[in-house]
Protein chains: 2
Amino acid sequence: MTDHRAARTDNRTHTIMQATLDLAREAGYAKLSIEAVASRAGVGKHTVYRRWPSRGLLFLDAVLSLNTAGLDHPDTGDIVADLREVMTRAAALLGQPPWGPLYQDLIGEAQHDPEVAAALNRRFIEPQTANTLARLEAAKDQGQLAPDFDLDLAFEILSGPLYYRLLITQQPLTHAYIDRVLQAVFAGMSPRPQTR
Amino acid sequence: MTDHRAARTDNRTHTIMQATLDLAREAGYAKLSIEAVASRAGVGKHTVYRRWPSRGLLFLDAVLSLNTAGLDHPDTGDIVADLREVMTRAAALLGQPPWGPLYQDLIGEAQHDPEVAAALNRRFIEPQTANTLARLEAAKDQGQLAPDFDLDLAFEILSGPLYYRLLITQQPLTHAYIDRVLQAVFAGMSPRPQTR
DNA sequence: CTGGAACGGCACGTGCCGTGTTGACAAGTG
DNA sequence: CACTTGTCAACACGGCACGTGCCGTTCCAG
């Protein structure tokens, strides 16, 4: 039957991705080779190349397959609490193994490989962004945000600092830091004794 | 004389870095090999390895050597205008060749190689950060910013979105976008009809 | 039973790695 | 003018991973 074939194929695909994750965790993405992946998976190199055109896209698939937990937005009615919840969950994922280093390597690879960058945006960044923007939109409709509140900018101001810490300074993404960012965006930074 | 030797050595160092930049511009960092650099520079591989322990650190030196223009902070007395000036200059550098793609690749490499990450922070990120923080500090002393204004957070909220666009979504860093970010931090985002 | 597709295993030629060796050449020394 | 010393380009090396062929096997589909 065709089902059996498809099942076998899926099994191999899954085995290869699992081997990719195992090796990436053990030795890091930098030392990940397709030969090693194939060997670890008990699979011929052809079987890998038949499914993925490059190491980067294989790694992308493998890492994104971990995201089954999801970062869907809750809607308790309190936009700030909901954002805090999502950001905290994201920080918990990014801040520690196995996700953190893998995601970091993935973004690193995206800087060299345009295909990886495009796929990462399409399959992960954009859905997550749309998710958050939808939640912000709802909050605006409910009057929790001013009608002229700049949702896109808010999202980037909330996300940017987290990525900056993850990718550049590699400082920890603590609960307290998330609160400070949220506070700044939603309660203002009080730049001057009296606002202009 | 020893001076002649030192001069010769410096010349070779400079020649190698220049060849590195040329090749990186032509073919991208991904295809940059030390063999190719040595060949282009008319130099033996030993001469490269004697100066740099890895491709990443060579690339770091080469890219940072371009930054002679500098991003020093002006001090016109108006903190927002000064920040806009610096951010605009930074965006002009990052947004277009040759700096943009090279800096992007450099950060990408830093995600795989801890030594590159550490050196990048120490030699570029931290000085720039200190620079901006000193300017913010001065503004606070002059009463342009409230005494409880969170300088560190402000810096990360200003920088984060720019890096987010550069590294993740790869959207352009326009003048208008910089204004929106500055506006959000220094004039508030007016989250609600009346601020809490 | 037969054809086709996918497979593991193996070997190939290529490119780059990082290292070792050699001989040419220049700078300072007696 | 030899002579030492140090630096260099050039070449060769073993090792590894690349991406691509080919082989014989296995497993359904018709």
Side-chain angles (χ1 to χ4, degrees), chain A residues 1-62 105 108-109 112-116, chain B residues 1-62 105 108-109 112-116:
Chain A
M1 296 186 203
T2 308
D3 288 353
H4 289 174
R5 297 224 166 189
R8 269 176 35 120
T9 296
D10 285 356
N11 282 341
R12 280 174 211 282
T13 299
H14 180 260
T15 302
I16 293 170
M17 292 197 298
Q18 191 57 51
T20 301
L21 290 174
D22 291 344
L23 287 174
R25 272 193 284 252
E26 292 168 15
Y29 175 73
K31 298 190 177 179
L32 191 69
S33 74
I34 289 188
E35 286 208 351
V37 169
S39 167
R40 168 70 72 103
V43 142
K45 283 202 283 178
H46 265 316
T47 307
V48 180
Y49 281 112
R50 200 171 294 126
R51 285 152 221 263
W52 292 279
S54 71
R55 186 176 70 134
L57 289 176
L58 163 59
F59 187 61
L60 176 84
D61 264 7
D105 272 328
E109 184 62 20
H112 308 319
D113 184 339
E115 291 195 22
V116 172
Chain B
M1 297 188 204
T2 307
D3 288 353
H4 289 175
R5 300 226 165 179
R8 265 172 40 118
T9 295
D10 286 355
N11 281 341
R12 281 177 210 279
T13 299
H14 180 260
T15 302
I16 293 169
M17 293 197 297
Q18 190 58 52
T20 302
L21 291 174
D22 290 345
L23 288 173
R25 272 193 283 252
E26 292 168 15
Y29 176 74
K31 299 192 176 178
L32 191 70
S33 74
I34 290 187
E35 288 209 351
V37 168
S39 168
R40 169 70 74 105
V43 142
K45 284 201 285 177
H46 262 317
T47 307
V48 179
Y49 280 110
R50 197 171 297 125
R51 286 155 221 260
W52 292 278
S54 71
R55 185 177 71 135
L57 290 176
L58 163 59
F59 187 60
L60 177 84
D61 264 7
D105 273 328
E109 186 62 21
H112 310 318
D113 185 338
E115 291 196 22
V116 173

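Remember, it's a predicted structure, so these values are computed and weren't measured experimentally. Just so we're on the same page: letters track the sequence lines, and every chain starts at 1. Keep in mind that the numbers below use all heavy atoms, side chains included, and drop hydrogens, waters and symmetry copies.
With hydrogens and angles left out, the side chain of H46(A) and the base of dG8(C) share no donor-acceptor pair within 3.5 Å.
Looking only at side-chain heavy atoms (C-beta outward), L21(B) and M17(B) stay at 4.5 Å or farther from each other.
Residue R50(A) contributes atom CZ, which lies 10 Å from atom C1' of dG8(C) at whole-angstrom precision.
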Close N/O contacts between protein and nucleotides 15-18 of chain C (under 3.5 Å):
{"residue": "dC17(C)", "atom": "OP1", "partner": "I34(B)", "partner atom": "N", "Å": "3.0"}
{"residue": "dC17(C)", "atom": "OP2", "partner": "I34(B)", "partner atom": "N", "Å": "3.3"}
{"residue": "dC17(C)", "atom": "OP2", "partner": "E35(B)", "partner atom": "N", "Å": "3.0"}
{"residue": "dG18(C)", "atom": "OP2", "partner": "Y49(B)", "partner atom": "OH", "Å": "2.4"}
{"residue": "dG18(C)", "atom": "N7", "partner": "K45(B)", "partner atom": "NZ", "Å": "3.0"}
{"residue": "dG18(C)", "atom": "O6", "partner": "K45(B)", "partner atom": "NZ", "Å": "2.8"}

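Of the inter-residue distances, the one linking L58(A) atom CG with R55(A) atom CZ reads 9.5 Å to the nearest 0.5 angstrom. From L23(B), atom CG reaches atom OH of Y29(B) across 13.0 Å, with rounding to the nearest 0.5 Å. Put simply, OG on S33(A) and NZ on K45(A) are 8.5 Å apart, with the number rounded to the nearest 0.5 Å.
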- prompt: Can R51(B) and T13(B) be said to form a side-chain hydrogen bond (donor to acceptor under 3.5 Å, both in side chains), step by step?
  reply: CA-CA 8 Å; R51(B) 286 155 221 260; T13(B) 299; 2.7 Å; yes

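Taking 4.0 angstrom as the limit, T47(B) places a side-chain polar atom (N or O) nearer than this to OP1 or OP2 of dA9(D).
Applying a 4.0 Å cut-off to non-hydrogen atoms, none of the residues of residues 18-27 of chain A approaches DNA chain C.
Among all heavy-atom pairs drawn from S54(A) and D113(A), the shortest one is OG-OD2, 4.2 Å.
Residue E115(B) places its CD atom among 12 or fewer non-hydrogen atoms of other residues, nucleotides or ligands, all under 6.0 Å distant.
When atom types are taken as modelled, the side chain of T20(A) and the backbone of I16(A) share a donor-acceptor pair closer than 3.5 angstrom.
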